Amino acid sequence: MESTLKIHNSLSREKEVFKPINEGHVGMYVCGPTVYSDVHLGNCRSFTSFDVIFRYLKYLGYKVRYVRNITDVGHLEGDNADISAEDKISKKARLEKLEPMEIVQHYTNGFHAMMRIFNNQPPSIEPRATGHIIEQIEMVRSILKSGYAYEANGSVYFDTIKFAKENEVYGKLSGRVIDDLMAESRDDLKNQDEKRHPSDFAIWIKADPKHIMRWPSEWSEGFPGWHLECSAMSTKYLGRTFDIHGGGSDLKFPHHENEIAQNYGACGCAPANYWMHGNMLLMNGRKMAKSDGNTITPQQLFTGDSPHISKGYSPMVVRFFMLQSHYRSTLDLTDEALQAAEKGYRRLMEGNKLLQSMPHPGNTQAGPLDEELQQLMQQVKAEMDDDFNTPKALAVLFELVTKINSLKAGHLPIQEVSESTFQQLKKTLSDYIYEVLGLKDEMEAAGNGDGPVDGLMDLLIDIRQQARANKDFDTSDKIRDALKELGIVLKDSKEGTTWTKG
RNA sequence: GGUUGGGUGGCCGAGUGGCUAGGCAGAGGUCUGCAAAACCUCGUACGGCGGUUCGAAUCCGCUCCCAACCUCCA
């Protein structure tokens, strides 16, 4: 497979030509959610970005194994979390008087439901940390064996200083300066006296007596540290070194940096060739934060039940809104921007619908327009090949929509468009909109539905046409206005009248 | 304080050393019974100050501001 795909690699901070380890196959690991609360809208953006990446890789013909984990143990509360902190799931379970696995199940279900609402495809494998305790213990053993970890009071810590001294890789991804790291004195340890150095992190944590989640091991009854699950599960399902590792940019440090250290520590090799990081979602130019009220849940966004927005926006409008920015840029969520996205989304979908309903007249001869269309279609792919540039790809799709509308209106000569280009255009547009970008048509289409509505609409349109023919504009406008009240918009054209919802 | 990434027209958002991004909003026009939709035309935008260059929003330096992560303080 000749690949022209370029991916921005966070490790090199440059766009690199994508070369998979196994020709035609891609192994991709994306850090999934810690299921201790409802999905955050920012997470939805991140997973949507990787969904499009997953979709496009498949569109290119790759056989993709997409692994996205569920973290259901090990992620600790608080900053610089360690032995003194509490596991997020465990804490929630204690507060709500539920089994930890009830918490996990509840929020996993919610997460899945939300992914479906955003039309994100499920990953190929979705492993859970608690389902891979054995693999994680195995990995702790390997790291201990290679000398990059030490045991203290039943917990096991990764020795970052030793690792950093002996390997060039620590800090490379996040740009940490190792000298600064080492310069931190032992006085910084405070009550983390089990650690030899502040930057060391736990890979196995001895459970204190009141901790609910615990598994036996040779070091203690305890649980694995956060970061370890991803190292263990990516290795298990994708191999020691695989193609793409993704996640939100907030995971670069410490999570991904430590993951890399663990994998090197366990097998002496890099986990992934390409690291990809999505950027954050802002609202009104500031970060979303519950503390100052600058936050909105996906549900509120859909219903409009929030002081930050004037109305509800459908999931596909939100998805389209996200796709209009590049995954590596921050995206500012504002009411105005969402309104613009809603109109843009509809314009795109209407354009495609119109195209799909247009017949080719036959007897045409390819002219300049034919070539122009061919060029635009190639450009869509070129934009996606350039580090999944969805905003540029969309811009080109909009140029095609303008052409389509002009063809329909007779402003552009359809005689210049060959049958094969026309069919190709139909396929390209719908492939990109539905398969690659993962948009869905939320508007009920006219004409191809079932049930009595279509018949009723035909009748109303017919009555209105007659009224117009009789210059009875009171009646015709009454029909149009009343339908508009019901959310149905009539569109008149030379060929007749069509209708759309919304 | 450190690391990383940003500051683009009314809003969102691409991009690039000289050639139209795109969407939305706005102005004018075409079409229409009137609208809507659609099409055509229109905006001398690139945080600030210097520098390099024939030419910079795009490269360099300084400065201000924003965000994420980390650190410090509490």
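All values reported here derive from a predicted model rather than from experimental measurement. Naming convention: chains lettered A, B, ... in sequence-line order (proteins, then strands); numbering from 1 in each chain.
Nucleic acid contact for Phe398(A): sugar-phosphate only, since backbone atoms but no base atoms lie under 4.0 Å from a heavy atom of the residue. Among the protein residues, Ala340(A) comes within range of the nucleic acid bases, having at least one heavy atom under 4.0 Å from a base atom. Arg347(A) comes within contact range of the sugar-phosphate backbone alone, with a heavy-atom separation under 4.0 Å but no base atom that close. At a threshold of 4.0 angstrom between heavy atoms, the contacts of Ser476(A) include nucleobase atoms, whether or not backbone atoms are also involved. Contacts of Arg13(A) with the nucleic acid, taken as non-hydrogen atoms under 4.0 Å apart, involve only primed sugar atoms and P, OP1 or OP2. The residue Lys471(A) sits apart from the nucleic acid: no heavy atom pair falls under 4.0 Å.
In the set C70(B), G33(B), C39(B), G33(B) carries the atom at the smallest distance from any side-chain atom of Arg464(A). Side-chain atoms of Asn389(A) lie closest to A14(B) of the nucleotides C34(B), G13(B), A14(B). Residue Val489(A) has its side chain nearest to A36(B) when only C12(B), A38(B), A36(B) are considered.
Between Ser249(A) and G5(B) there is no side-chain N or O to OP1 or OP2 distance below 4.0 Å.
Between the side chain of Arg346(A) and the base of C24(B), no donor-acceptor pair of N or O atoms lies under 3.5 Å. Side-chain N/O atoms of Asp477(A) and base N/O atoms of G33(B) include a donor-acceptor pair closer than 3.5 Å.
Atom-to-atom, CG of Leu282(A) to C1' of C65(B) comes out at 14 Å; the value is rounded to the nearest Å. Glu336(A) places its CD atom 13 Å from the C1' atom of G13(B), with the value rounded to the nearest Å.
Salt bridge annotation for Asp387(A)-Arg328(A): present, with a cationic side-chain nitrogen under 4.0 angstrom from a carboxylate oxygen.
Spacing between U58(B) and A14(B) at atom C1', rounded to whole Å, works out to 14 Å.
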